[in-house]
Amino acid sequence: MVKVTFIEQDGTRREIEAREGEPLMYAAKEAGIDGIIAECGGAAMCATCHSYLIEAPNGPLPEPEPAEADTIEFNAHEPRENSRLPCQIIVTPAVEGAVFQVATGR
Ligand code: FES
């Protein structure tokens, strides 16, 4: 299991455990992270899993694929340079210790 922290919209920090090989969104949903809605079920369409990657202690995560980048640009509320869709991040050991801030406004 890979440990990842999500900071919820009210500032609560929650460390969760995620299974390798699965989209990070699954673990966030299972843990009930507030603000991770995932309306599209992980199809990179809804942006209701939009989060900001604020720490990646093992080095940068792989860049977003075009589907993720486009959804962030066109559907996410207040996209930033560090915007990511956790449904498009496959959990690997490189994700260990990463910290995501759940984006506000849906
Ligand atoms: S769950 Fe819909 S974009 Fe991530």
Side-chain angles (χ1 to χ4, degrees):
M1 298 294 259
V2 174
K3 290 188 170 61
V4 177
T5 297
F6 277 85
I7 302 173
E8 296 177 328
Q9 293 167 334
D10 69 356
T12 303
R13 287 178 79 98
R14 299 205 30 219
E15 186 179 85
I16 66 170
E17 296 201 329
R19 281 183 295 279
E20 279 184 48
E22 289 188 1
L24 179 58
M25 177 272 283
Y26 289 5
K29 280 290 284 182
E30 276 176 28
I33 298 295
D34 191 36
I36 299 291
I37 299 164
E39 267 175 15
C40 76
M45 294 178 68
C46 68
T48 62
C49 64
H50 179 209
S51 302
Y52 304 114
L53 176 61
I54 58 174
E55 280 179 42
N58 296 316
L61 301 186
E63 289 294 311
E65 296 289 333
E68 178 181 359
D70 287 351
T71 295
I72 288 169
E73 183 177 353
F74 298 113
N75 293 350
H77 183 73
E78 292 185 4
R80 299 178 191 164
E81 254 181 36
N82 59 346
S83 286
R84 296 303 303 256
L85 300 178
C87 68
Q88 300 303 302
I89 296 174
I90 302 300
V91 176
T92 65
V95 182
E96 174 83 30
V99 180
F100 292 83
Q101 167 84 56
V102 178
T104 55
R106 297 291 186 210

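Numbers here simply count residues along the sequence, with the first being 1. Just so you know, ligand 1 is whichever comes first in the structure, and atom 1 is the first atom listed for that ligand.
- Using a 4.5 Å heavy-atom threshold, the side chains of Arg84 and Pro64 count as touching.
- Each of the atoms 1 (S), 3 (S), 4 (Fe) of ligand 1 lies under 4.0 Å from some heavy atom of Cys87.
- Vertex atom 2 (Fe) of ligand 1; arms to Cys46 SG and Cys40 SG; angle rounded to 10 degrees, 110°.
- Residue-ligand proximity, Met45 to ligand 1, at heavy-atom distances under 4.0 Å covers atoms 3 (S).
- Near Gly42, meaning under 4.0 Å from one of its heavy atoms, ligand 1 places the atoms 1 (S).
- A heavy-atom distance below 4.5 Å is not found between the side chains of Val91 and Arg19.
- Proximity of a side-chain donor or acceptor of Asn58 to a complementary backbone N or O of Gly97 within less than 3.5 Å is not detected.
- No hydrogens or angles considered: nothing links the side chains of His77 and Thr104 as a donor-acceptor pair under 3.5 Å.
- Taking every heavy atom of Ala44 and a limit of under 4.0 angstrom, the matching atoms of ligand 1 come to 3 (S).
- Leu61 is listed as a side-chain neighbour of Val95, based on a closest heavy-atom distance under 4.5 Å.
- Judged purely by atom type and a 3.5 angstrom limit, Arg14 uses its side chain to pair as donor or acceptor with the backbone of Ala31.
- The contact set between ligand 1 and Cys49, taken as ligand atoms under 4.0 Å from a residue heavy atom, comprises 1 (S), 3 (S), 4 (Fe).
- For ligand 1, the atoms closer than 4.0 angstrom to any heavy atom of Ala47 are 2 (Fe), 3 (S).
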